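Fair warning: this is a prediction, and the values are worked out from it, not measured in the lab. Counting starts at 1 for both ligands and their atoms, in listed order. The first residue in the sequence is number 1, and the count goes up from there.
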Amino acid sequence: MVIVMKPGVSQEKIQTLVAQLEQDHGVTVGITNGVGCSILGLVGDTAHIDMDKLSMNDDVERVMRVQEPYKKANRKFHPEDTVVDVCGVPIGGGRFTVIAGPCSVESEDQITGVAEDVKAAGASLLRGGAFKPRTSPYSFQGMGADGLELLLEAKAATGLPIVSEIMAPRYCGLFEEKVDLVQVGARNMQNFDLLKEVGKLSKPILLKRGLSNTYEEWIMSAEYIMAAGNENVILCERGVRTFETYTRNTLDLSAIPAIRKMSHLPIVVDPSHAAGMYWMVEPLAMAAVAVGADGLMVEVHNDPPRAKCDGAQSLTPEKFRHLMDKLNPLVELMGKKLV
Ligand code: PEP
Ligand code: MN
């Protein structure tokens, strides 16, 4: 961290501030006296220092961070890619992993049928929402705990580990017991209480990017989970809000190389929620492979027009198979291996 002092501040005042910083934060402070103003360079763990408070000091002109506020998720301190193991299925580190399934679990036949279809097409994890974050309170809210039971039946029938969204800290016990990869949805990316609680789980976490959050905010949310003890975090880019209304969201493909540089955590792409339209899922999925994503999360429904949630963006099992067949050579071209 660097502090630029205002011109003309006395050496005595600077020494007082330096002593205070060293005592309160355990950092070492180097002073450079330039023409007209002094610059303080803070060395050590500055993550806990409140920049806004420092800026309130009348003698301070400007405060700048030279290091990112995230440590555990930072690639600088962990150069090699993290590979997260989901019940034996790896995500990250030169592999390409596909998560597929319906937006919501609706019935035993539906979830087991889709699970069999996506497995046959090459997916290695089954998704299905049981607790649904819906914009309207009058929309289908999901089957709740019964939905998790149906996911477990589909898992027993196919062997596919299951992915489902958690909406509140009170469900942590249930998810710890039943779910293999616990999803924190876009709307809860900055629900810090939830992040702290899922940070105590032994299960890996899929952290979706918030509707309008920056890369740094997203990584800081991963940092919350990691700081609470759970370092198995996978990031998921699912599109962000922009001025464009044609698509449901705008898929931010720059996020993949950017996150790859900033963090060692795996990153997957959800083209379904980004597009909002089934016919756009395949080209966006191909683009995700091309920019180096570690995998995909795709919504697949046996009967999209009758889906209780997100039918318009859901692929039929046939379209999903077509996507997987098309994807495979590109995955290989990228030097990756489909898991
Ligand atoms: C979902 O995956 O079903 C979902 C609700 O996604 P998001 O949180 O990205 O909107
Ligand atoms: Mn959905």
Side-chain angles (χ1 to χ4, degrees), residues 86 91 97-106 110-111 114 118 123 125-137 139-144 147-148 150-151 162-168 171 175 179-191 194-195 198 204-213 217-218 221-222 225 233-242 247-253 255 259 267-278 280-281 284-285 288 293 295-316 320:
V86 184
I91 303 189
T97 313
V98 179
I99 307 168
C103 182
S104 312
V105 180
E106 297 172 11
Q110 175 241 16
I111 192 67
V114 173
V118 298
L125 296 168
L126 173 68
R127 67 150 286 150
F131 297 86
K132 294 304 303 175
R134 303 305 300 277
T135 302
S136 165
S139 301
F140 176 60
Q141 301 288 305
M143 293 182 73
L148 296 185
L150 297 185
L151 275 169
I162 54 176
V163 187
S164 203
E165 177 170 352
I166 190 166
M167 292 226 295
Y171 297 119
F175 276 66
V179 174
D180 301 308
L181 175 57
V182 178
Q183 176 175 329
V184 173
R187 288 151 194 83
N188 272 315
M189 191 207 86
Q190 285 191 316
N191 179 341
L194 181 61
L195 299 177
V198 298
I205 308 300
L206 181 77
L207 179 65
K208 297 190 98 175
R209 183 178 180 187
L211 307 177
S212 306
N213 287 108
E217 286 165 346
W218 187 15
S221 289
I225 300 168
V233 180
I234 301 155
L235 300 170
C236 179
E237 161 62 37
R238 43 79 73 206
V240 287
R241 283 262 167 106
T242 66
T247 47
R248 183 174 181 183
N249 290 289
T250 298
L251 182 60
D252 178 10
L253 286 169
I259 292 289
I267 176 164
V268 301
V269 168
D270 171 352
S272 309
H273 289 88
M277 292 168 277
Y278 76 89
M280 217 182 257
V281 170
L284 294 184
L296 288 176
M297 179 186 246
V298 181
E299 285 191 342
V300 179
H301 195 280
N302 52 313
D303 188 5
R306 282 179 197 77
K308 291 195 175 173
C309 184
D310 288 351
Q313 67 195 34
S314 299
L315 298 184
T316 58
F320 179 66

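Residue D310 approaches the Mn ion (ligand 2) most closely through its N/O/S atom OD2. Note on E299: its N/O/S atom closest to the Mn ion (ligand 2) is OE2.
Among all non-hydrogen protein atoms, the one lying nearest atom 6 (O) of ligand 1 is K208 NZ, 2.9 Å. Among all non-hydrogen protein atoms, the one lying nearest atom 4 (C) of ligand 1 is H273 NE2, 3.5 Å.
When each of L211, V268, L251, D252 is tested with R238 by the rule side chain to side chain contact (heavy atoms under 4.5 Å, CB included), just one qualifies, namely L211. Of the options I162, L126, L151, a side chain to side chain contact (heavy atoms under 4.5 Å, CB included) to V105 is made by L151 and by none of the others.
Taken from OG1 in T242 to CG in N249, the straight-line distance is 8.0 Å, to the nearest 0.5 Å. Distance check: L207 CG to Q183 CD gives 10.0 Å after rounding to the nearest 0.5 Å.
For ligand 1, the polar-atom distance check finds no N/O of D270 at less than 3.5 Å from any of the ligand's N/O atoms. Residue-to-ligand polar distances place A186 within reach of ligand 1: an N/O pair is separated by less than 3.5 Å.
Shown in contact with E165 at under 4.0 Å from a heavy atom are these atoms of ligand 1, numbered in order with element: 4 (C), 5 (C). Which parts of ligand 1 touch E299 is read off a 4.0 Å heavy-atom cut-off, strictly below it: atoms 3 (O). Close contacts between ligand 1 and G185 involve ligand atoms 8 (O) [criterion: under 4.0 Å to a heavy atom]. Counting the atoms of ligand 1 from 1 in the order shown, those under 4.0 Å from a heavy atom of R238 are 7 (P), 9 (O), 10 (O).
Electrostatic pairing of K132 and D310 does not count as a salt bridge here, judged by no charged N lying under 4.0 Å from a carboxylate O.
Side-chain atoms of I91 and L206, non-hydrogen and from C-beta on, never get closer than 4.5 Å to each other.
Applying the 6.0 Å contact sphere to CZ of R134 captures more than 12 heavy atoms from other residues, nucleotides or ligands.
Ligand 1 has no atom lying under 4.0 Å from any heavy atom of R209.
Residue contacts to the Mn ion (ligand 2): C309 brings no N, O or S atom closer than 2.8 Å.
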Determine, stepwise, if the pair R209 / E217 fulfils side-chain contact (heavy atoms from CB on, under 4.5 Å).
CA-CA 9 Å; R209 183 178 180 187; E217 286 165 346; over 6 Å; no
